[in-house]
Amino acid sequence: MKLANVFGGLLHPAEQKPDPAQRAVQRLAKGGAPARELDLLLIWSAVALLLLGLVMVYSASIAFAEGSRFTGYQSHYFLMRHAVFLAIGIGLGLVSFQLPMARWQQLAPALFVAGVVLLIVVLIPGVGREVNGAQRWLSLGPVNLQPSELMKIFAALYAADYTVRKLDVMGSFIKGFLPMLVVILFVGFLLLREPDFGAFVVITTIAFGVLFLGGLNVRVFGLLAVLALIGFVILIWTSPYRRDRIFGFMDPWQDAFGKGYQLSHSLIAFGRGEWFGVGLGGSVEKLFYLPEAHTDFLLAVIAEELGFVGVLTVVVLFAIIVQRAFLIGREAIRLERYFSGLVAQGIGLWIGVQSFINMGVNMGLLPTKGLTLPLMSFGGSGIVANCIALGILLRIDWEVRQLKRGATP
């Protein structure tokens with residue numbers, strides 16, 4: 001039987017006869033109906049990270065906020081803004097949860113195009129806001145929008161929709177892989193113009209990870225991995241500031257006051273924390289020693305104040321979220337909800353890869369890169385995007401549980 005026939009019911013719901021989800025329900029009937037409407041382990045893990053992030057953002061930023069004219073010397077400046085962003089994010093996450101996955105699939109191409117337009121607009125001189133040499137933000141009155149954060153959601157949705165539509169030609173390089181490659185290279189070009197190399201890495205991983213999970217030819221994927229590695233090496237070698245970061249990462253103590261400044265102070269924070277930390281609020285490195293303490297290097301402050309136990313707790317919570325995302329995706333695919341399954345796994349890839357890179361940078365395992373810790377670091381666009389992604393993930397979980405009960409979500 002051709003793949004197009006197998007997945008035809010998803011692509012043309014009106015022509016389903018019988019409903020493939022109902023056949024899957026019959027196969028799963030032995031396990032009985034789920035006891036809960038939603039995955040509580042996923043919810044509480046996400047809530048724990050969000051709340052811990054709120055506390056640690058305040059702890060990491062209080063000294064900087066008190067001593068900065070930009071904040072009006074208000075110690076609670078970043079706490080209040082983070083709390084507002086978190087409230088907005090939770091609100092939009094609840095809205096996202098209300099939208100059926102069939103509707104998300106319909107919107108996926110339009111959202112992706114909107115994301116590309118925003119990436120173009122942010123590069124227009126006088127429109128995009130430049131901070132520390134990077135032009136990544138659009139000023140919207142009292143807040144700034146970072147389009148690359150929203151693009152991570154749009155990439156997961158679009159890649160899943162593209163894969164479902166192209167399932168019968170996914171083994172073909174020209175018909176299945178090449179169109180997506182062209183699109184992602186264009187997005188990557190826009191991101192590198194900002195520049196935002198970290199977002200480029202994450203979005204590329206999401207897009208091609210979803211394609212691979214959806215059945216992309218293994219040899220094509222292997223070729224892509226090799227070409228991507230070569231491309232990243234070229235991008236790093238041809239950019240002086242990226243090259244300096246690599247050299248600083250290899251031996252931060254050789255130039256501890258220059259190339260290795262951020263990493264050396266991050267490692268000092270980890271060393272001071274030992275097993276149980278110096279206590280909440282007791283970090284020394286956040287006192288104008290560690291740059292970006294409340295954003296990129298929040299984990300270093302957690303390590304110093306809460307110790308190895310605190311860092312391990314954060315790692316475990318992220319591992320739970322990623323594991324639940326892939327489990328939800330697998331269950332959706334078993335119920336022949338292929339778009340939903342691939343979106344769930346795409347979200348899992350996003351959170352897993354970005355948190356891994358951020359933690360690796362903080363621990364000195366990876367070169368310094370400007371990526372925040374999902375769900376925790378200060379940053380309005382990032383927190384809002386994360387909450388929307390969680391809302392979509394919980395919607396997929398809810399629809400899967402409804403289907404297992406024999407109901408129509």
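Keep in mind it's a predicted model, so treat the numbers as computed, not measured. Heavy-atom basis, side chains included; hydrogens, waters and symmetry copies ignored.
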Flag, side chain of K286 to backbone of A63, donor-acceptor distance under 3.5 Å | no
How far does CG of L190 sit from CD1 of I203, to the nearest 0.5 angstrom?
-> 10.0 Å
Electrostatic pair E331-R324, nearest N-O below 4.0 angstrom = no
Please say whether more than 12 non-hydrogen atoms of neighbouring residues, nucleotides or ligands are located less than 6.0 Å from OH in Y289.
-> no
Report yes or no: does N386 contribute a side-chain atom to a donor-acceptor pair with the main-chain N or O of L375 at less than 3.5 Å?
-> yes
Steps toward side-chain contact (heavy atoms from CB on, under 4.5 Å) verdict (W104, S340) | CA-CA 9 Å; W104 279 114; S340 297; over 6 Å; no
Beyond-backbone contact of K404 with R401, side-chain heavy atoms, under 4.5 angstrom | no
Verdict with supporting geometry, E194 and L123, side-chain contact (heavy atoms from CB on, under 4.5 Å) = CA-CA 7 Å; E194 295 184 3; L123 294 174; 3.8 Å; yes
Is there side-chain contact between L306 and V311, with heavy atoms separated by less than 4.5 Å?
-> no
Hey, is CG on L40 packed in by over 12 heavy atoms from elsewhere, all under 6.0 Å?
-> yes
From the options I206, L119, V202, L118, select the one residue that forms a side-chain contact (heavy atoms from CB on, under 4.5 Å) with M151.
-> L119
Where L86 and L50 come nearest, the two heavy atoms and their spacing | CD1-CD2, 3.6 Å
Show the numbers, then the answer: is there a side-chain contact (heavy atoms from CB on, under 4.5 Å) between V284 and V278?
-> CA-CA 9 Å; V284 171; V278 298; over 6 Å; no
Should F356 and L366 count as side-chain neighbours, where that means a heavy-atom distance under 4.5 Å?
-> yes
Min side-chain heavy-atom separation Q98-R103 under 4.5 Å | no
Enter the distance from F378:CZ to L79:CG here, rounded to the nearest 0.5 Å.
-> 10.0 Å
Note, T372 side chain near Q354 side chain (heavy atom, < 4.5 Å) = yes
When you check the side-chain N and O atoms of E305 and S59, is any donor under 3.5 Å from an acceptor?
-> yes
For R136, does its backbone N or O pair with a side-chain atom of R129 as donor and acceptor, under 3.5 Å?
-> no
Just by modelled atom types, is the E66 backbone N or O under 3.5 Å from a matching donor or acceptor in the Y77 side chain?
-> no
Output for pair (L373 CG, L49 CG), nearest 0.5 Å, gives 7.5 Å
Could you grab the distance from atom CG of L92 to atom CG of L390, nearest 0.5 Å is fine?
-> 12.5 Å
In short, Q262 meets P291 closest at the heavy-atom pair CG-CG, 3.8 Å
Contact summary for I328 and A344, nearest pair of heavy atoms | CG2-CB, 4.3 Å
Expected output: side-chain N144 to main-chain W137 donor-acceptor under 3.5 Å | no
Under 3.5 Å, is there a donor-acceptor pair between the side chain of S381 and the main chain of Q146?
-> yes
Would F177 and F208 count as a close aromatic pair, with their ring centres under 6.0 Å?
-> yes
Could you grab the distance from atom CE of M56 to atom NE2 of H294, nearest 0.5 Å is fine?
-> 13.0 Å
Would you call the rings of F112 and Y158 parallel, tilted or perpendicular, where under 30° means parallel and over 60° means perpendicular?
-> parallel
Heavy-atom distance under 4.5 Å between the side chains of M101 and R337, does that happen here?
-> no
Taken to the nearest 0.5 Å, the spacing of L145 CG from L150 CG works out to 5.5 Å
F326 CZ: over 12 foreign heavy atoms closer than 6.0 Å | yes
Would you name the heavy atoms of F318 and M359 that are closest together and state the gap between them?
-> CD1-CE, 3.3 Å
P109 side chain reached by V113 side chain, heavy atoms, under 4.5 Å | no
Give a yes or no on whether the backbone of I351 and the side-chain of S355 come within a donor-acceptor separation of less than 3.5 Å.
-> yes
Member of I321, T313, V315, V314 meeting the side-chain contact (heavy atoms from CB on, under 4.5 Å) criterion with L317 = T313
Donor-acceptor contact present, side-chain S75 to main-chain I62, <3.5 Å = no
Give a yes or no answer on whether the side chain of N362 reaches the backbone of D296 with a donor-acceptor pair at less than 3.5 Å.
-> yes
Under the 3.5 angstrom rule, does the side chain of Q135 hit a backbone N or O of V122 as a donor-acceptor pair?
-> yes
Does some side-chain heavy atom of E399 sit less than 4.5 Å from a side-chain heavy atom of I396?
-> no
Heavy-atom closest pair (A160 atom, V343 atom, distance to 0.1 Å) is CB-CG2, 3.5 Å
Minimal heavy-atom distance between K152 and W350, with the atoms involved, is CD-NE1, 3.4 Å
